[in-house]
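Here is the structure we will look at, set down as structure tokens.
What you are looking at is a predicted structure, and each value in this text was computed from that prediction instead of being measured.
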Amino acid sequence: MKRTRLIAALLALLMVFSLMTTLAMAAAPTESEAYSAMIALKPKYPEGMPWTNDNGYAWKGGIFSVGYGCAGFAFILSDAAFGEQPARMVTDFTYADVRVGDILRINNDTHSVIVLEKHSDHVVIAEGNYNSSIHWGRKLDRTAVEQADYILTRYPENTTPEPPKPVESVKPFTDVPVTAYYADAVKWAVDEDVTRGTSATTFSPAAGCTRGQVVTFLWRAAGSPEASSGYNPFSDVAPGSYCYDAVLWAVENGITDGTSPTTFSPDRVCTRAQIVTFLWRADGAVGWYIEEGGFFTDVPRDAYYYSAVVWALVYDITTGTTPTTFSPNNTCTRGQVVTFLYRFLSPQ
């Protein structure tokens with residue numbers, strides 16, 4: 001009798017396990033759903049946000065109880081896409097096996113990335129602890145993917161991957177997804193002739209924005225006015241260059257100075273602090289202060305950009321890279337710059 005009960009109990013457990021497995025398989029998202037869930041976290045974890053091995057995360061996928069740095073960030077996006085779906089490790093795989101939302105372990109088992117998009121010859125990834133920060137949009141070619149140490153996948157076995165779908169983008173730019181935080185800003189900037197792309201089909205939102213580019217953006221937004229004096233002290237800004245008129249106008253109006261009495265350094269990449277300072281000066285450079293506490297811990301009160309950052313925060317031009325940091329010395333990307341301009345200048 002006891003043996004009969006034991007067998008019955010084991011059969012019941014097997015039925016429950018089978019049902020749970022079936023439900024788990026049914027709960028797996030499509031690749032487009034996984035992409036949407038991951039990219040939705042970008043405003044919370046923006047490009048350039050500091051992220052090192054001090055950042056840990058216990059994930060729902062199993063196999064590992066916690067991941068740090070690059071693995072921790074990959075686990076956060078994976079959980080957003082797959083919820084409680086269990087993970088499995090695959091070491092023997094082909095490029096065809098890789099899917100959106102899979103975590104790749106690369107660089108001789110030292111770095112974890114997660115797949116955002118899959119194309120015929122490359123994948124687009126998101127990663128933490130990439131130069132000590134979060135980075136979205138780096139490409140890994142097919143060969144690099146095939147050389148990964150292993151995949152952590154949360155898609156059930158024996159499921160057929162859906163055909164890759166092109167990610168809808170802001171025309172004509174193939175590198176500006178409509179879901180990107182800067183998508184509306186890019187569309188506005190192009191429609192208003194504030195900026196153009198870096199090519200006929202690319203905007204390069206993750207590229208750093210130079211001094212020449214940002215004063216040109218501001219100058220065009222102001223209606224491309226002509227500087228009244230026409231005086232040019234800068235040996236590195238030649239007449240006829242794309243930013244010549246913009247530089248003269250910006251200097252004449254106190255938006256920026258040169259990097260020396262005779263140089264402007266138009267190709268020097270700008271920091272976040274420099275960009276908000278340009279915008280603040282364009283708005284009149286009124287002094288702004290905030291009570292101690294409740295402000296960014298990395299913006300000291302005696303910094304040249306202090307009032308500019310307070311102004312930008314008050315007018316919702318930026319909310320910082322985290323709730324407590326502004327990251328003033330981080331490179332300001334083209335995507336960030338047009339977003340700042342859009343919030344500053346567009347009618348909303």
Under 4.5 Å between any side-chain heavy atoms of [X] and [Y], yes or no?
X	Y	answer
E33	M38	no
E226	W249	no
S241	P266	no
L140	I106	yes
F203	P172	no
P177	I39	no
T256	R211	yes
T216	Q213	no

Six-ring centre of Y95, K118 cation under 6.0 angstrom, axis tolerance 45°: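 The answer is yes, since K118 meets both limits relative to Y95.
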Looking only at atom types and distance, does a side-chain atom of [X] sit under 3.5 Å from a main-chain N or O of [Y], one as donor and one as acceptor?
X	Y	value
R142	D121	no
T263	S265	no
T297	T324	yes
Q85	F82	no
N330	G48	yes
R88	I63	no
D298	S327	yes
D141	H122	no
R272	P328	no

Same cluster for [X] and [Y] if Ile/Leu/Val/Met/Phe/Trp/Tyr side chains link at under 4.5 Å?
X	Y	value
Y130	V145	no
Y315	L313	yes
I134	Y57	yes
I255	V269	no

Side chain to side chain contact (heavy atoms under 4.5 Å, CB included), that's the test. Do I125 and H135 meet it? Break it down for me. CA-CA 8 Å; I125 60 173; H135 186 62; over 6 Å; no
Between [X] and [Y], is any side-chain donor less than 3.5 angstrom from a side-chain acceptor?
X	Y	answer
R105	S112	yes
S228	E252	yes
Y306	R301	yes
T52	N129	no
R154	S78	yes
D245	W219	no
E146	T94	no

Spacing of [X] atom [atom1] and [Y] atom [atom2] [to the nearest 0.5 Å]:
X	Y	atom1	atom2	answer
R343	D184	CZ	CG	10.5 Å
M89	D92	CE	CG	13.5 Å
D175	S199	CG	OG	7.5 Å
K171	T201	NZ	OG1	12.5 Å
F234	C243	CZ	SG	10.5 Å
H111	L104	NE2	CG	10.0 Å

So, do Y182 and Y342 have ring centers that fall under 6.0 Å from each other?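 No, the ring centres sit 6.0 Å or more apart.
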Can you confirm whether or not the ring centre of F344 sits under 6.0 Å from the ring centre of W280?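 When the ring centroids of F344 and W280 are compared, they turn out to be at least 6.0 Å apart.
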For W51 and Y45, take the angle between the two ring planes, folded into 0 to 90°, and tell me which bin it lands in: parallel under 30, tilted 30 to 60, perpendicular over 60. perpendicular
Parallel, tilted or perpendicular: which describes the rings of W136 and F73, with under 30° parallel and over 60° perpendicular? perpendicular
May I have the step-by-step check of side chain to side chain contact (heavy atoms under 4.5 Å, CB included) for W59 and V66, ending in yes or no? CA-CA 6 Å; W59 77 319; V66 67; over 6 Å; no
Step by step, would you call Q274 with Y305 a side chain to side chain contact (heavy atoms under 4.5 Å, CB included)? CA-CA 7 Å; Q274 291 167 343; Y305 48 82; over 6 Å; no
Does the pair D102 and T153 meet the rule for a side-chain hydrogen bond (donor to acceptor under 3.5 Å, both in side chains), with working shown? CA-CA 5 Å; D102 284 348; T153 184; 2.7 Å; yes
CA sep, side-chain torsions, deciding dist, call: R99, V115, side chain to side chain contact (heavy atoms under 4.5 Å, CB included): CA-CA 7 Å; R99 305 178 66 174; V115 178; over 6 Å; no
